[in-house]
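Report on the structure given below.
Each chain gets a letter, A, B and so on, in the order its sequence line appears, and its residues count up from 1.
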Number of protein chains: 2
Amino acid sequence: MADVEEFVESAGLYFERLGLSRTAGRVMGCLLADTGEAADAPGLCERLGVAKSSMSVALNQLEQGGLIERYRPPRARRDHYRLTDDVFGRAFRAKMAEFAAFTALAEQGLDAVGDHPVARARLENMRDMYAFMAREFPKLLDRWDTERTDAHRPGGSD
Amino acid sequence: MADVEEFVESAGLYFERLGLSRTAGRVMGCLLADTGEAADAPGLCERLGVAKSSMSVALNQLEQGGLIERYRPPRARRDHYRLTDDVFGRAFRAKMAEFAAFTALAEQGLDAVGDHPVARARLENMRDMYAFMAREFPKLLDRWDTERTDAHRPGGSD
DNA sequence: CTAATTGTTCGGAACATTCCGAACAAGATA
DNA sequence: TATCTTGTTCGGAATGTTCCGAACAATTAG
């Protein structure tokens, strides 16, 4: 059986490849593996062995990306952090933004190449494909939501 | 109307965010915008103003990623490069590998957290969601293929 | 076989990014 | 109000990556 520390390090690597910093990725690992209900900045610093300044920027990075949210329990003096309800939904929607960006890139290309037929065909294919993905991917997310709801609440409606 | 150079630079930026190097991204921009039938290494070096060593690694990077292919016209002494037929299909399949990787990461986490119910629920959700995407995304690619074929060859079968 | 050209590999320089420690701002308690 | 704690910002060090120029291997023409 693997260790939790190993998982945290792996998470650091994996999320780093998504564009986050290493420490931000490790924070994600901590919040995924821990009870997550009581994570605060000093505790994460202690656990990951990073300066609180680095932790500050990492947490802001994650919050701005919508992956975590901070909350202040009543009468508490420090912020606490937890994963957003649909962390991965948001991650996928970020991917969607990438689809839209590449659609725009293809359009920029079409605007630049003029009427060269071969280049136009290539760029039109690129544009259409990314537009298709940007259009269809949200539906996939919706389907996931409904299927998961059905699986967890068979026959039930909220 | 935008300039081709601008588009090449934009492509450099955009593809860099996909994990490629800047020069590799600019090469993608060139191959997308140009006629693409006669791109060779010296020409790309000249056009992008990079050393041929950098061009060599960039082209190998792109070839290994399956985005471009090299071919040697008869009686030619230098290799030529062009985009693969389904460049973006391959790009999306690379994304799919990411889905599989995160599924595995979630499983590693489940293996690590033991029987903590909250963490387990979170990681199981993560695992199931990425597995769902890894399963459904190829179908989306297939649908794109069929729809595009239908649109370009109405009523025809190859 | 010799010479020339194409493509790869390697060492070092330039560059960007990340992180830490220290100074600073903001809020709460006594 | 004074003090303590929390969180942010800034300058500098360290790290990792990318790129260039030079040396090397491989192929082709003469």
Side-chain angles (χ1 to χ4, degrees), chain A residues 5 8-31 37-65 67-82, chain B residues 5 8-31 37-65 67-82:
Chain A
E5 294 306 313
V8 170
E9 291 306 314
S10 295
L13 268 330
Y14 282 71
F15 282 98
E16 187 178 29
R17 289 183 49 185
L18 291 190
L20 297 175
S21 68
R22 179 72 62 96
T23 43
R26 293 201 285 174
V27 169
M28 289 297 293
C30 286
L31 295 182
E37 308 304 331
D40 53 15
L44 290 168
C45 287
E46 168 78 16
R47 166 143 190 198
L48 297 179
V50 301
K52 70 171 183 174
S53 56
S54 309
M55 187 55 65
S56 179
V57 305
L59 290 171
N60 279 325
Q61 191 180 4
L62 291 172
E63 187 189 21
Q64 197 157 2
L67 282 77
I68 69 172
E69 57 189 10
R70 77 178 67 199
Y71 66 102
R72 174 100 52 151
R75 246 179 328 282
R77 304 196 48 179
R78 57 182 62 168
D79 287 341
H80 290 238
Y81 303 90
R82 63 185 161 203
Chain B
E5 295 306 313
V8 171
E9 292 306 315
S10 295
L13 268 330
Y14 281 71
F15 282 99
E16 187 178 30
R17 289 184 49 185
L18 291 190
L20 297 175
S21 68
R22 178 73 62 96
T23 43
R26 293 201 284 174
V27 169
M28 288 297 293
C30 286
L31 295 182
E37 307 304 331
D40 53 15
L44 290 168
C45 286
E46 169 77 16
R47 166 142 190 198
L48 297 179
V50 300
K52 70 171 183 175
S53 56
S54 308
M55 187 54 67
S56 178
V57 307
L59 289 170
N60 279 324
Q61 191 181 3
L62 291 172
E63 188 189 20
Q64 196 157 3
L67 281 77
I68 68 172
E69 58 189 10
R70 76 178 67 199
Y71 66 102
R72 173 100 52 154
R75 245 178 329 283
R77 304 197 47 178
R78 54 181 66 167
D79 287 341
H80 290 236
Y81 303 90
R82 63 184 161 203

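When distances run from any side-chain atom of Arg78(B) to the nucleotides dC20(D), dG7(C), dG7(D), the shortest one goes to dG7(C).
The nearest pair of heavy atoms linking Gly29(B) to Ala11(B) is CA-CB, 3.6 Å. Looking at every heavy atom in both residues, Cys45(A) comes nearest to Lys52(A) through SG-CA, 3.5 Å. Taking both residues in full, the closest heavy atoms of Val8(A) and Arg26(A) are given as CG1-O, 3.6 Å, listed atom of the first, atom of the second, then distance. Of all heavy-atom pairs between Ile68(B) and Tyr81(B), the closest is CD1-CD2, 4.0 Å.
For the pair Val27(A) and Leu44(A), the minimum side-chain heavy-atom distance is below 4.5 Å.
Sorted by first and then second residue, the salt bridge (charged side-chain N to carboxylate O under 4.0 Å, His left out) pairs with a member in residues 10-21 of chain B read Glu16(B)-Arg22(B); sequence neighbours excluded.
The salt bridge (Lys or Arg N to Asp or Glu O under 4.0 Å) search around Arg75(A) returns none, not counting sequence neighbours. With sequence neighbours excluded, the residues satisfying side-chain contact (heavy atoms from CB on, under 4.5 Å) with Glu5(B) are Asp3(B), Arg47(B). With sequence neighbours left out, the salt bridge (Lys or Arg N to Asp or Glu O under 4.0 Å) criterion links Glu69(B) to Arg82(B). Taking Ser10(B) as the reference, Gln108(A) meet the side chain to side chain donor-acceptor pair (under 3.5 Å) condition, with sequence neighbours excluded. With sequence neighbours excluded, the residues forming a salt bridge (Lys or Arg N to Asp or Glu O under 4.0 Å) with Asp79(A) are Arg70(A), Arg72(A), listed by chain and number. The side-chain contact (heavy atoms from CB on, under 4.5 Å) search around Ala24(B) returns Leu20(B), Ser21(B), Ala58(B), Gln61(B), Leu62(B), not counting sequence neighbours.
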Pull out every protein N or O sitting under 3.5 Å from an N or O of nucleotides 14-16 of chain D, one pair per line with the distance.
none

What's touching nucleotides 1-3 of chain D from the protein side, N or O pairs under 3.5 Å?
none

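Contacts with DNA chain C (heavy atom under 4.0 Å) in residues 53-61 of chain B: Ser53(B), Ser56(B), Asn60(B), listed by number. Shown for residues 12-29 of chain B: residues whose heavy atoms fall under 4.0 angstrom of DNA chain D, namely Ser21(B), Arg22(B), Thr23(B).
Here dT6(C) presents its P atom at 11 Å from CG of Asp79(B), a figure rounded to the nearest Å. Per the geometry, CD belonging to Gln64(A) stands 18 Å off P belonging to dG7(D), to the nearest Å. Distance, Leu44(B) CG to dC20(D) C1': 17 Å, rounded to whole Å.
Atom CG of Leu18(A) sits about 11.5 Å away from atom CG of Leu13(A), to the nearest 0.5 Å. For the atom pair CG of Asp40(A) and NE2 of His80(A), the computed distance is 5.0 Å after rounding to the nearest 0.5 Å. The structure places CG of Leu59(A) at 12.0 Å from CG of Leu67(A), a figure rounded to the nearest 0.5 Å.
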Open item on the list: What does the B/S/- profile of nucleotides 23-30 of chain D look like, 5' to 3', with a 4.0 Å heavy-atom cutoff to protein?
Closed with: -----B--

